[in-house]
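The structure under discussion appears below in the form of structure tokens.
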Amino acid sequence: MSDLRVRFAPSPTGYLHIGGARTALFNYLLARKEQGTFILRIEDTDVERSTQESVDAILQAMDWLGLSYDEGPFYQTERFDLYKEKVQQLLAEGKAYKCYCTADELTTKREAAMANGDKPQYDGSCRELTPREDDAPYVIRFKSKRDGVTSFNDKIKGTISFNNQELDDMIIQRTDGTPTYNFVVVIDDAEMGLTLVLRGDDHVNNTPRQIQIYQALGYAVPEFAHVPMILGADKKRLSKRHGATSVMAYREMGYLPEALVNYLVRLGWSFGDEEIFSMDDLVEKFTLDNVGRSAGVFNPDKLLWLNEHYIKTGDPQQLGTLLEEYLQQLGFQVPADIDLAEVVKTLQDRSKTMVEMAEKAAFYVCDELEYDAKAQQKFLTAEQKPVFEALIGKLESREFNAEGVEAAFKEVLKETGLKFGKVGQPTRVALSGGTSAPGIFEVMLVLGRERTLKRLRAAIERIG
RNA sequence: GCGCUCAUCGUCUAGCCUGGUCCAGGACACCGCCCUUUCACGGCGGCGACAGGGGUUCGAAUCCCCUUGGGCGUACCA
């Protein structure tokens, strides 16, 4: 156990997306590598937009990716008393103040400042006001430093400094009494003993404000590390426009979690020329030192290639179990005598996703074979009839195993004088319904004697 | 606009800190050839980048400056 404590803190306003997943992954890897502690915290202070469905979706996605946490999930809505207490503390110490400006007034001021070419900052009108006695609605603002510089040493980006003049007095408690993000994040990160805050690049600008709050509250300031953003092909921040951004959508599309993890980690992190990393590899090799500083473009093609790789090299037994789910998704019930691990073996080199594998496996498990019209017309012709009959005869008189099936086939070739392709393709159509499928012998073995003969006879029947 | 930040093949990146071994390496995609019972897999090969301009230096992808371009932020969202 080391004293490293990190966290992933998503806000439950939607599913877990690609960017969040990578941040979670980086935190997870660091915690595992250093044998530290990985905490999950749900940032639901925006009561309006937070939903339980989102929380469930996020939890489910993390589970699917294999990102287990050691503490939590903690919910910020359950810690409002703590935040209130801290607000009071700041108020009492004169480090925060009540602001009576209305949202509308602020918007107007902001727009005016922008139009003037000034910074759209809060002008501090209520900063030195003596608190009113009436019950006029108010927010509470943090009194930030007016001069000087706030800087921190980012573990990924290096030293980053801000002039305190750039920082205005931000709201820490809304009119309705709920606390805001930049305030609670500090309290929680501090109270939960985080030693490193590893999060998205988009939080860099919040960091100096947060540091001032740490200091005002007397907390130790943790270390920070900001991971660059993930962009779409047009170099804009990744969004739905660029295709699926939900982690779970990838499961539905037939991706393996190993592939997504591998892809995500390589987007922004590298280890020499290596491309393939298992979770165990990563726990061993991951370091912040090898995380890049520039934003990266999400490349679906490479993810697909990795998925292909993990399907190709995956355990047939496990993939078989998975395949059944996708097959059921397509409406197929798998017959008891079909060995899905064997099915997988014939399809591993031919499928880039599990959905594709299921589609290609459909012919094995269906009751009524569907024939491709063109294939049927071209290969299920009258002249095939005697060939199929011969094949059936040979097949019936032998052991139905790799040697037997192949021998039967070769005998037919010999007796008819036909080339492999001349017999093979029609047979393929008879067995699979189409012209592209795994090797004929493999197909026959997976199908089994009974089903193979049945389909051959059905083909003869179709020829008429 | 202002602030922060980034900049090597179309994309992900190695190299940059500790200048020479880099006329820049790997991967995805793309193209070609080979293998082949269909479809794939696979093997081999090809295309393809140091954003631009100034410096420093015997020598710069590597160090410095400027320009340009990109990203993020600028909420009573997180």
Subject >> Contacts of A/K95 that satisfy salt bridge (Lys or Arg N to Asp or Glu O under 4.0 Å) - sequence neighbours left out >> reply: A/E93
Subject >> Any-strand Watson-Crick or G-U partner of B/rG69, both distances under 3.5 Å >> reply: B/rC6
Original post:
Taking atom P of B/rA78 as reference, at what distance in whole Å does atom CZ of A/R237 sit?
Top reply: 15 Å
**OP:** Could you check which nucleotide pairs with B/rU74 in any of the strands shown, counting Watson-Crick or G-U wobble with both distances under 3.5 Å?
**Re:** B/rG1
**OP:** Determine the interatomic distance between C1' on B/rU11 and the same-named atom on B/rC30; round to the nearest Å.
**Re:** 12 Å
Subject >> Upstream residue (5' side of RNA chain B) when A/T435 and A/L238 are each assigned their closest nucleotide >> reply: A/T435
Original post:
Do A/R266 and B/rU13 have a side chain to base donor-acceptor pair shorter than 3.5 Å?
Top reply: no
Original post:
B/rA14 phosphate, OP1 or OP2: any side-chain N/O from A/S270 under 4.0 angstrom?
Top reply: yes
**OP:** Run the numbers on A/R41 and A/D189 for salt bridge (Lys or Arg N to Asp or Glu O under 4.0 Å), then give the verdict.
**Re:** CA-CA 10 Å; A/R41 185 175 72 226; A/D189 285 344; 2.8 Å; yes
Subject >> Shortest side-chain distance from A/D273, nucleotide among B/rA78, B/rG25, B/rU37 >> reply: B/rG25
Original post:
Which residues pass the salt bridge (Lys or Arg N to Asp or Glu O under 4.0 Å) test with A/R266, sequence neighbours left out?
Top reply: A/E275
Original post:
Looking for any heavy atom pair under 4.0 Å, which part of the strands does A/P438 touch: base, sugar-phosphate only, or nothing?
Top reply: base
Original post:
Rounding to the closest angstrom, what is the interatomic distance between B/rC28 and B/rG42 at atom P?
Top reply: 9 Å
Original post:
How far does the C1' atom of B/rC35 sit from the matching atom of B/rA40, given to the nearest Å?
Top reply: 13 Å
Original post:
What nucleic acid atoms does A/K236 come within less than 4.0 Å of, heavy atoms only: base, sugar-phosphate, or nothing?
Top reply: sugar-phosphate
Subject >> Heavy-atom protein contacts under 4.0 Å, nucleotides 40-45 of chain B, coded B base, S sugar-phosphate only, - none >> reply: BSS---
**OP:** Take atom C1' in B/rU57 and the same atom in B/rC65, then report the distance between them in whole Å.
**Re:** 16 Å
Original post:
Heavy atoms under 4.0 Å, any strand shown: does A/H203 hit a base, just sugar-phosphate, or nothing?
Top reply: base
Original post:
Salt bridge or not for A/D289 and A/K155, using N-O below 4.0 Å?
Top reply: no
Original post:
Of the candidate nucleotides B/rA78, B/rA75, B/rG25, which contains the atom at the shortest distance from the side chain of A/P120?
Top reply: B/rA75
Original post:
If we take the P atom in both B/rA51 and B/rA24, what is their distance in whole Å?
Top reply: 15 Å
Subject >> All side-chain contact (heavy atoms from CB on, under 4.5 Å) counterparts of A/P438, not counting sequence neighbours >> reply: A/T346, A/L347, A/R350, A/F363, A/Y364, A/E442, A/V443
Subject >> Minimum-distance nucleotide (side-chain atoms of A/D301 versus B/rA78, B/rC76, B/rC28) >> reply: B/rC28
**OP:** Return the value, rounded to whole Å, for the distance between atom CZ of A/R141 and atom P of B/rA75.
**Re:** 10 Å
Original post:
Hey, which of A/R146, A/K143, A/R127 is the one that makes side-chain hydrogen bond (donor to acceptor under 3.5 Å, both in side chains) with A/D169?
Top reply: A/R127
Original post:
Are any of the side-chain heavy atoms of A/K352 and A/N307 separated by less than 4.5 Å?
Top reply: no
Original post:
Going 5' to 3' along nucleotides 3-11 of chain B, which nucleotides have protein heavy atoms under 4.0 Å from the base (write B), which only from the sugar-phosphate (write S), and which from neither (write -)?
Top reply: BSSSS---B
Subject >> For atom CE of A/M229 and atom P of B/rC12, their distance in whole Å >> reply: 15 Å
Subject >> P gap between B/rG52 and B/rA60, integer Å >> reply: 15 Å
**OP:** Scan every strand shown for a Watson-Crick or G-U wobble partner of B/rG42, both distances under 3.5 Å, and answer none if you come up empty.
**Re:** B/rC34
Original post:
Is there a side-chain contact (heavy atoms from CB on, under 4.5 Å) between A/H309 and A/I276 once you walk through the steps?
Top reply: CA-CA 9 Å; A/H309 169 82; A/I276 304 299; 3.5 Å; yes
Original post:
Quick one: the side chain of A/E274 and the base of B/rG26, do they pair up donor-acceptor inside 3.5 Å?
Top reply: no
Original post:
What interatomic distance, in whole Å, is found between P of B/rG54 and the corresponding atom of B/rC72?
Top reply: 32 Å
Original post:
For B/rC17, what is the paired nucleotide under Watson-Crick or G-U wobble rules, both distances under 3.5 Å?
Top reply: none
Original post:
What residues form a salt bridge (Lys or Arg N to Asp or Glu O under 4.0 Å) with A/D372, not counting sequence neighbours?
Top reply: none
Original post:
Roughly, in whole Å, what's the span from NZ in A/K414 to P in B/rU37?
Top reply: 19 Å
Subject >> Check against side-chain hydrogen bond (donor to acceptor under 3.5 Å, both in side chains), A/T107 and A/D104 >> reply: CA-CA 5 Å; A/T107 314; A/D104 286 347; 4.9 Å; no
Subject >> Which residue lies more 5' along RNA chain B, comparing A/A103 with A/R22 via nearest heavy atoms >> reply: A/R22
Original post:
Is there a donor N/O on one and an acceptor N/O on the other, under 3.5 Å, for the side chain of A/T175 and the base of B/rC76?
Top reply: yes
Original post:
Between A/H17 and A/S239, do the side chains contain an N or O donor and an N or O acceptor separated by less than 3.5 Å?
Top reply: no
**OP:** Pick the P atom in B/rG15 and in B/rG25, then give their distance to the nearest Å.
**Re:** 15 Å
Original post:
Side chains of A/Q173 and A/Y138: donor-acceptor distance under 3.5 Å anywhere?
Top reply: no
